[in-house]
Amino acid sequence: MAESPDDLPSIEQLRQAVLRSWRDSPTRFTEDTNAERDLRVGAYRDRVFVELAQNAADAAALAGEPGRLRVRIADGELRVANTGAPLDRRGIAALASLRASGKPADAEGTVGRFGVGFAAVLAVTSEPRVVSRTGGVAFSEARTREVWASGAVPVLRLPWELPSDEPPLPDGFDTEVRLPLRGDVGDPLRRIEDEVADVLLVLPWLAEIDVDGRRWVRRTEGDHVVLSAPDGGRTRWLTHRGPGCVWAVPIADDGRPLPLDEDVLHAPTPTDERLSLPARLLATAVPMEPSRRRVRASADAPGVTSALRAAAGSYPGLMRSLPARHRLALVPEWRFPLSDVDGVLREFVVERLTGDDWLPSARSGLLPGRRARVLDLHAPRLVELVADVIPGLVAAPLCGRDAARAASVAGARAVTAAELVDALGGVERAPAWWRELYDELLAAVDRAEVELDELAALPVPLADGRTVTGARGVLLAEDMAGGVDSLGIPGLHIAHPQAGHPLLERLGAAKAGRSELLRAPAVVEAIARSVDDALAGLDVTPLADAVLTWVSTAGAAPGLGALALPARTGVRRADELLLPGAALLDVLHPDALGDDAPLDVLADEVAARWDRETLLSCGVRDTFTVERIDGSETTDDEPPVPDLDLVDDHAWPRAVRLLASEPETWRVLTAPDGRLRTWLSAHALLAGRAPRQWRLPSATELSGLFDPAPDVGLSDELLALTGVRTELAVDPETAAEDARLLCDRLGDPERTVPTGLVLRAHSMLAALSPDDVEPPERVRTLAGTVSEVTDDGGDDVVVLDAPWLLAMWPPERIVASADFADAEALADVFDLPLASDEFTEIDAAVEEDGEAGFAAWPELPAVVEVAGLLGIGVPDGGVVIHEELTIGGTPVPWWRDEQAVLHAADSPSGLARAFAWAAGRWPDRVLLERLLDDPDPRTVLG
């Protein structure tokens with residue numbers, strides 16, 4: 001049976017009982033003093049307002065009506081008044097005890113249990129009083145010292161009656177705690193204002209707190225708790241009640257949760273157990289130490305673990321009470337626990353999120369974390385499109401990489417773009433569905449959420465009803481592409497018009513305009529094999545008609561020359577056909593046309609049906625073209641312009657004019673590389689001869705070697721472009737042929753070739769590699785005669801390599817070039833000996849001539865005078881002057897012996913040549929001779 005308040009001891013009886021216990025047991029006083037001190041400086045050192053508010057909430061709960069709390073500072077006292085059940089004798093007894101609570105054990109909704117919370121007031125006062133409408137009680141350090149002499153005394157063990165002049169309660173309130181403030185407390189109102197919002201959230205029986213006229217109000221709206229501040233601001237909390245706990249999270253005005261970063265366990269008032277969960281846990285079932293700062297024993301103690309597991313069990317309920325789009329915000333992030341309690345609680349919460357249903361399914365119902373899959377692309381519409389394709393897919397808008405990362409804590413798996421593409425394989429959907437899917441994927445690509453490579457295998461619906469894997473090779477249909485499927489071309493994939501999309505282009509699909517169709521690999525392949533198909537009996541007419549139709553508006557494309565078209569004698573490639581009446585027909589050899597010939601003529605009915613430009617774009621010929629049929633490069637033996645090797649021998653002038661009449665062939669004919677000109681010079685025929693064998697009529701300096709080209713109706717420019725010679729030159733591309741032609745012409749006894757031209761021709765031949773010149777059987781000498789080159793060493797010709805040797809051979813045996821420096825190379829090319837190698841010097845006449853003598857050049861006045869007239873420096877050295885100079889019995893004007901000593905006959909001719917050689921002015925030797933004979937300035941000037 002419950003104890004009646006009237007049976008409880010009075011304040012006087014309580015005080016005397018305590019004093020007796022101190023007298024009976026001296027250690028009891030010390031225990032009480034130390035216990036109170038521990039509470040004052042330890043567990044309750046900063047919990048004054050929280051503890052008083054908790055008592056006020058319990059009073060409201062006992063009264064069964066939401067309570068109000070008022071805080072003021074008056075007469076140097078902190079006064080905290082509340083409504084609700086007043087303080088009775090049981091409460092007074094509890095306040096005077098450090099180990100008992102005055103609240104009924106079965107009081108629903110109350111928080112205090114140990115009767116020790118009131119000790120928190122000792123942090124600010126040593127003379128607390130509690131005034132209630134049923135009485136009150138006072139505690140006093142000073143009065144306790146009066147009855148118990150000690151240096152330190154417990155304040156809350158000896159209760160005292162209120163003084164007779166105690167001010168009355170504030171109107172409308174049932175109890176007020178009055179705390180005279182010590183001088184070192186400062187302003188407690190500021191800290192209280194900071195704690196009001198948390199206190200109202202934690203203590204549901206408190207509806208209003210007034211701090212010095214500033215009111216905070218708590219209002220419940222379903223699962224939401226709305227806290228109104230004095231400045232008009234409102235804070236909304238979503239709460240969810242579970243067994244022995246409440247979970248709470250702040251909510252923005254738009255309904256978004258505002259996850260907490262760090263918090264503490266509230267039991268239900270704040271503790272020192274730090275938590276890192278996104279929501280606040282208000283737990284009444286977690287075993288706590290009497291101070292309510294720490295859990296009892298440890299976080300893994302059975303009672304604590306059981307309470308935390310039960311609290312975690314209701315966490316998915318908090319998730320479910322949120323709108324689906326916000327639920328992932330309350331999934332705990334991976335991080336190091338802030339405390340042992342945090343680690344245990346986090347583990348239990350994640351476990352429940354993994355196994356309980358809370359994630360909205362894209363199809364229907366809820367999913368546990370372990371069976372959920374989250375699309376890692378931020379594409380809510382895409383989630384809706386593929387909801388029935390991927391089992392366990394979480395509904396929109398819970399998608400994207402952040403969502404997938406958050407859900408993975410609860411065991412959910414991310415669905416990547418590549419996995420989505422794999423899942424779409426074999427799916428049958430309407431083309432419009434695919435297009436909408438492409439919209440979403442392209443947006444993800446543009447946001448850099450997806451790499452194009454991940455979408456390589458994306459299915460594409462085709463116009464013929466099939467679906468292919470991957471966009472590469474697919475053509476995107478346009479209006480002009482209608483009817484393409486009827487061609488039956490294997491490998492030709494045309495996307496359904498309703499599914500055409502820019503994403504497919506970026507994945508390798510090509511627009512299917514007529515130009516693109518002509519370049520489609522399947523079409524190109526069909527064209528390439530069309531002749532073989534026709535010869536095999538297949539009807540290629542639809543293909544030809546389609547290609548010609550496309551070409552009529554799109555123009556030419558690579559590979560069209562292989563298109564099978566009807567010819568006069570069967571079916572041929574388009575680029576092997578000529579238009580009826582083509583200009584090329586007038587220059588081709590008759591054998592170039594026909595069934596087994598290289599070319600044929602297009603069937604008349606085809607030529608009449610299609611316009612000329614369309615047929616030419618397909619490769620049908622009207623005149624010479626530049627592009628080769630097989631697209632390969634030409635060799636040296638092949639013409640750089642196709643079909644030149646089919647020109648009739650008598651039609652070359654017309655063929656050249658045809659080449660010059662078309663811009664493309666004219667560019668080739670005049671190209672810097674000269675390939676076409678080189679080929680024409682050797683293979684074309686003008687009056688039966690290759691052009692290189694003729695010269696322009698105006699090129700008279702070549703007379704004797706080359707005959708003027710006959711009149712074949714070509715201008716000098718065209719004659720030159722075909723290879724008709726304009727000057728004495730050797731083409732590096734045809735050096736061997738040109739050398740052979742020059743040698744033949746020089747060795748032709750029927751030709752009269754000017755000596756100067758012979759000398760220049762020999763110098764030109766000397767510049768060639770001996771590998772390019774076949775040694776001739778006949779050579780032209782300095783006498784202008786033609787001499788046979790023999791092998792018996794008889795009167796063979798020699799190559800003149802020094803001017804002083806000229807007098808030792810007759811001109812009929814001398815081959816010379818325009819420059820003595822070319823002599824050795826010319827001898828190698830002609831395989832002839834040098835004159836110097838064939839001569840053995842005999843100088844007996846010099847030995848017998850006693851009148852010969854050496855003279856330095858500066859000692860010869862005539863030479864010095866002539867050198868001055870011509871501005872020639874007089875060289876060092878000199879000359880041996882002979883009355884008569886004879887070499888091997890042959891009189892010579894001058895000589896250079898094996899020791900490089902110069903000799904000269906005492907004559908203007910000999911001295912002029914010796915001096916010209918010594919001074920390096922050999923070309924001036926004739927002028928020097930004249931001046932030595934007559935040193936008159938008029939010889940130089942006139």
Side-chain angles (χ1 to χ4, degrees), residues 755-756 759-760 763 782-783 798-811 814 816-824 834-942:
T755 302
L759 295 177
R760 292 192 298 277
S763 287
L782 197 58
V798 296
V799 176
L800 183 66
D801 58 336
W804 55 86
L805 299 172
L806 189 61
M808 306 308 298
W809 274 273
I814 294 177
S817 59
D819 191 335
F820 290 114
D822 299 329
E824 186 173 351
L834 291 169
S836 60
D837 292 340
E838 293 295 304
F839 180 74
T840 302
E841 184 174 1
I842 302 172
D843 199 11
V846 174
E847 295 294 333
E848 295 173 357
D849 186 359
E851 297 182 6
F854 177 81
W857 293 115
E859 297 173 358
L860 298 172
V863 171
V864 173
E865 181 181 0
V866 170
L869 284 173
L870 296 178
I872 299 174
V874 179
D876 295 333
V879 61
V880 179
I881 301 176
H882 300 263
E883 182 69 25
E884 181 180 355
L885 180 59
T886 302
I887 303 299
T890 302
V892 296
W894 75 293
W895 192 259
R896 181 177 180 274
D897 63 23
E898 291 183 348
Q899 286 74 40
V901 176
L902 294 175
H903 299 263
D906 190 7
S907 65
S909 174
L911 284 173
R913 282 163 173 75
F915 179 72
W917 188 266
R921 298 294 289 267
W922 184 247
D924 295 329
R925 61 192 179 280
V926 176
L927 178 58
L928 286 167
E929 181 181 350
R930 289 180 59 194
L931 289 171
L932 286 173
D933 187 51
D934 181 12
D936 189 335
R938 288 175 295 179
T939 303
V940 178
L941 299 174

Practice item. Go through Val880 and Asp897 one step at a time and tell me if the side-chain contact (heavy atoms from CB on, under 4.5 Å) criterion holds. Key: CA-CA 11 Å; Val880 179; Asp897 63 23; over 6 Å; no
**Study point:** CG on Asp822 to CZ on Arg760, rounded to 0.5 Å
**Key:** 13.5 Å
Point to revise | Side chain to side chain, His903 and Val892, heavy atoms closer than 4.5 Å | key: no
Practice item. Report the residues that fulfil side-chain contact (heavy atoms from CB on, under 4.5 Å) with Ala862, sequence neighbours left out, ordered by chain and then residue number. Key: Leu932
Review point. What is the distance from atom CG of Leu870 to atom CG of Leu927, rounded to the nearest 0.5 Å?
Key: 5.0 Å
Review point. Which pairs count as side chain to side chain donor-acceptor pair (under 3.5 Å) when at least one residue sits in residues 855-864, sequence neighbours excluded?
Key: none
Check your understanding: Who are the side-chain contact (heavy atoms from CB on, under 4.5 Å) partners of Val926, not counting sequence neighbours?
Key -> none
**Study point:** Heavy-atom closest pair, residues Ala919 and Ile872
**Key:** CB-CG2, 3.9 Å
Check your understanding: Can you tell if the side chain of Leu759 reaches within under 4.5 Å of the side chain of Leu782, non-hydrogen atoms only?
Key -> yes
Practice item. Over all heavy atoms of both residues, which pair between Pro891 and Gly889 is shortest? Give the atoms and the distance, please. Key: CD-O, 3.7 Å
**Study point:** Partners passing side chain to side chain donor-acceptor pair (under 3.5 Å) against Asp936 (at least two apart in sequence or in another chain)
**Key:** Arg938
Exercise for review: Taking all non-hydrogen atoms of both residues into account, name the closest pair between Ile881 and Ala855 and its distance.
Suggested key: CD1-CB, 4.0 Å
Exercise for review: Return the set of residues passing side chain to side chain donor-acceptor pair (under 3.5 Å) with Arg921 (not counting sequence neighbours), or none when no residue passes.
Suggested key: Asp924
Point to revise | Validation row: Val863, Val879 side chains within 4.5 angstrom (heavy atoms) | key: no
Show me the donor-acceptor pairs, under 3.5 Å and distance only, between side chains in residues 905-918 and residues at least two apart or in other chains.
from   : atom 1 : to     : atom 2 : distance (Å)
Ser907 : OG     : Gly910 : N      : 3.1
Ser909 : OG     : Arg913 : NH1    : 3.1
Arg913 : NH1    : Ser909 : O      : 3.4
Arg913 : NH1    : Glu929 : OE1    : 2.9

Study note, to complete from the structure: Value for OG1 (Thr890) from CH2 (Trp895), rounded to nearest 0.5 Å, stands at 9.0 Å
Review point. Is the number of heavy atoms from other residues, nucleotides or ligands within 6.0 Å of CG (Asp876) greater than 12?
Key: no
Review point. For the residue pair Pro858 and Pro875, what are the closest heavy atoms and their distance?
Key: CD-O, 4.3 Å
Check your understanding: Should Val798 and Leu805 be marked as a side-chain contact (heavy atoms from CB on, under 4.5 Å) after you check the CA-CA gap, both sets of side-chain angles, and the distance that decides it?
Key -> CA-CA 11 Å; Val798 296; Leu805 299 172; over 6 Å; no
Check your understanding: When rounded to the nearest 0.5 angstrom, what is the spacing between CH2 in Trp894 and CG in Leu806?
Key -> 10.5 Å
Review point. Crowded around Arg930 CZ? As in, over 12 foreign heavy atoms under 6.0 Å?
Key: no
Review point. Would you say the side-chain atoms of Asp801 and Ser836 include a donor-acceptor pair closer than 3.5 Å?
Key: yes
